[in-house]
*Asks:* 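Sharing a structure below in structure tokens format, with a few things to ask.
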Amino acid sequence: MTFQSSIAPQAGTEYGLRVESASFGYGDAVVLQDIELAVREGEFLSLLGPSGSGKTTLLRLLAGMAKVTSGRIVCRGKAVEGPGIDRGMVFQDYSLFPWMTLRENILLAIDRVNPKRSRLEKQELAEEYLGLVGLADAREKYPFELSGGMQQRGAIARALALGSSFLLMDEPFGALDPLTRMKLQDLLIDIWGHSDPPRTVVFVTHDVDEALYLGDRVVILGASPGRIIAEYEVDFPRPRSRAGFFKAAGFRELRDRVLEVFRQDAIKQLEYGDEVKSAGEGI
Amino acid sequence: MTTKTEAIGNKVRIGAWWNRAALRFSRDHKENKGWGIFSGKEGFLFAVILLILWQIIAVVSHQKLRFLFPSLPVVAGALWVSLPELLRGTWSSFLILVPGYLAAVAVGVAAGIVTATTGWLGRAFMPFARVVAPVPPTIYIPYAIALIATFRGASIVVVFIGAFWPVFLNTAAGAAAVPAQYRDDARILGLSRFDTLRKVVLPASLPQSFSGMAVGLALSFIMLTVAELFGANAGLGRFVQYYADYADYPRMVAGIVYTGLITFLSMAILERIRKRALFWVR
């Protein structure tokens, strides 16, 4: 498989990734119930939900890392049976291999996608991807020599090096300090905006501001069982300036609406939680 | 001839090394008080007291026990005189130890990784391993000598058996417990099974492998010396056995001290390799 063929969308497919009445659970425990979701080709979709809403599980289903108990996942018209390099994933925990330098980590992805290229070409490609996330100078460093933010940049570079059309990101900036987090958000948007052909991003977070600032669309999951409870278009032009965006009246209104949805779900959780507690479960 | 300053220099170096080791110990145990001027030097003190005690026993028992406890200068002399023979013995022993141990490490690591990551193989082999691994490996020595024509071949097999199980079991445990994060990464990257084992599972289980290798190396020395007691015509175990048979206790004790030193050095080398290979472990 070449870099190009994995990127180019098939003609006539409107939606890149579809979740069709998918459920997931272990035994009697239902984690996700009847999820219907269509991720458009080229869009930046934020998946927002409290802990326990199964947002990570949903992302793993999209990646093919877990299998639905009913329903199905479709990627460009084909049912997802397992992981594929058309769907790259970035995890919350720094996921570079600690025994390899940054460059060796990236080369792992490059070897996979361009096995026939010469050693030198692969090295150059690796450096290109590291340059893209501003890590060109750190290429010979090991992950433990890097800050959390740099490690996460490396993880993004590796996902890019896979040449995936779909980037599935599981709270990738969850463990970073606020300033680093903002820098990486802007970097991600910049890379996504300049992708040619366009990439599709599914971004899982529990941070409302992050979901709205990054996303074209925000899908909100409720907990117990995980299900989609609301969906909003984020109709703000790009490039979005951080200062302008967070001050805009439209943003504040949207934010209030999202938080209200959250609150409603949380209240339901608390009431439901009391019942559970009396049975001695879920503590 | 050693000049006085050189001798002092050596003493200081050895003393400094010993103190560092003691300091590491006290750091680990958060206990730095209670010994006054000897604080932090307890380990050194203990060694000195031990040597003094040995010397006293040697001198006092000299007449009655006929050199069963040779004094320190006598042991040192015996060590010096036997050094060529001991070095030849070391060579002969290492021709058994090194092939047996290295083969055990190679096969143990490879088999551990493959067994732990292959469902049916694990289910088939692990119950057997759990039964056989705890059997004291020394018990195989007579049979190995009976089965294999040459003493060296039999001893290599016996060292292999001794070192194999700890390496295998530890590696298998490590490979079975590779963090989910690394396994997920390998799947997302679409690595082939071979690449996953070589580039992800092997390094990720290396910390445990090295624990197994350390236990395996200690066991290798036990297997080696015991095998040599049985029927070698050279080697470290043979040296000790030979001079014990002739009641030459100074040489025998020298042989024990020397073998201890060689074992310690081998373990130190392995520790060095471990530190190097596991530079990324935090």
Side-chain angles (χ1 to χ4, degrees), chain A residues 1 6 56 59-60 62-67 80-102 104-115 141-146 151 154-164 166-170 175, chain B residues 105-106 109-110 112-114 116-119 167 170-214 270-282:
Chain A
M1 202 179 291
S6 74
T56 294
L59 204 68
R60 289 179 73 85
L62 288 172
M65 304 285 283
K67 285 212 165 83
V80 167
E81 302 286 353
I85 55 171
D86 55 337
R87 282 157 288 129
M89 199 162 172
V90 177
F91 300 92
Q92 176 177 21
D93 303 311
Y94 314 122
S95 49
L96 299 167
F97 295 121
W99 48 84
M100 295 178 179
T101 64
L102 258 181
E104 288 166 343
N105 266 290
I106 309 298
L107 274 171
L108 219 50
I110 289 174
D111 276 337
R112 176 72 178 79
V113 185
N114 318 283
K141 291 234 189 318
Y142 286 91
F144 61 81
E145 299 174 287
L146 304 170
Q151 290 185 43
I156 292 172
R158 193 176 65 180
L160 295 176
L162 266 184
S164 318
F166 299 95
L167 266 188
L168 310 173
M169 310 186 79
D170 185 11
Chain B
V105 167
V109 168
I113 284 174
V114 172
T117 53
T118 314
V167 175
N170 277 278
T171 304
V178 172
Q181 182 61 65
Y182 297 151
R183 277 182 281 133
D184 285 354
D185 274 330
R187 289 183 68 194
I188 282 294
L189 287 168
L191 295 184
S192 65
R193 174 159 162 77
F194 180 68
D195 271 354
T196 302
L197 294 187
R198 192 166 60 104
K199 293 179 177 172
V200 180
V201 179
L202 171 67
S205 44
L206 216 49
Q208 262 112 320
S209 294
F210 268 104
S211 311
M213 286 181 220
L270 180 68
E271 173 63 14
R272 233 178 210 202
I273 297 172
R274 188 187 72 87
K275 280 236 168 85
R276 241 187 185 198
L278 298 183
F279 66 94
W280 51 273
V281 175
R282 297 277 124 167

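The structure displayed is predicted, hence computed values, not measured ones. Below, chains carry the letters A, B, ... as their sequence lines are ordered, and counting in each starts from 1.
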*Asks:* Between chain B and chain A, are any donor-acceptor pairs under 3.5 Å, and how far apart is each one to 0.1 Å?
*Replies:*
from     : atom 1 : to       : atom 2 : distance (Å)
B:Asp184 : OD1    : A:Arg60  : NH2    : 3.3
B:Asp184 : OD2    : A:Arg60  : NH1    : 2.8
B:Asp184 : OD2    : A:Arg60  : NH2    : 3.4
B:Asp185 : OD1    : A:Arg158 : NH2    : 2.8
B:Arg187 : NH1    : A:Met65  : O      : 3.4
B:Leu189 : O      : A:Arg112 : NE     : 3.4
B:Gly190 : O      : A:Arg112 : NE     : 2.6
B:Lys199 : O      : A:Trp99  : NE1    : 2.9

*Asks:* Specify the closest pair of heavy atoms between A:Ala161 and A:Val113, including all atoms of both residues, with the distance to one decimal.
*Replies:*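 Closest approach of A:Ala161 to A:Val113, heavy atoms only: O-CG2, 3.8 Å.
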*Asks:* A:Phe91: what forms a ring-ring contact (aromatic ring centres under 6.0 Å, His included) with it, not counting sequence neighbours?
*Replies:* none
*Asks:* Applying side-chain contact (heavy atoms from CB on, under 4.5 Å) between B:Leu206 and each of B:Val281, B:Leu278, B:Val109, report the one that passes.
*Replies:* B:Leu278
*Asks:* With a 4.5 angstrom heavy-atom cut-off, which part of B:Ala204 approaches chain A: side chain, backbone, both or neither?
*Replies:*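 Answer is both: backbone and side chain atoms of B:Ala204 are under 4.5 Å from chain A.
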*Asks:* List the atom of B:Leu189, the atom of A:Ala109, and the distance in Å for their closest heavy-atom pair.
*Replies:*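 That closest heavy-atom pairing would be CD2-CB, 3.8 Å.
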*Asks:* So which heavy atom on B:Asn170 is nearest to which on B:Ser211, and how close?
*Replies:* OD1-CB, 4.2 Å
*Asks:* Which atoms form the tightest heavy-atom contact between A:Leu108 and B:Leu191, and what is the distance?
*Replies:* CG-CD2, 4.1 Å
*Asks:* Closest heavy-atom contact between B:Ala175 and B:Gly112?
*Replies:*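 Minimum heavy-atom contact is CB-O, 4.4 Å.
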*Asks:* Out of B:Pro203, B:Ala186, B:Pro179, return the one with the most heavy atom pairs under 4.5 angstrom to chain A.
*Replies:* B:Pro203
*Asks:* Can you tell which part of B:Val200 gets under 4.5 Å to a heavy atom of chain A, answering side chain, backbone, both or neither?
*Replies:* both
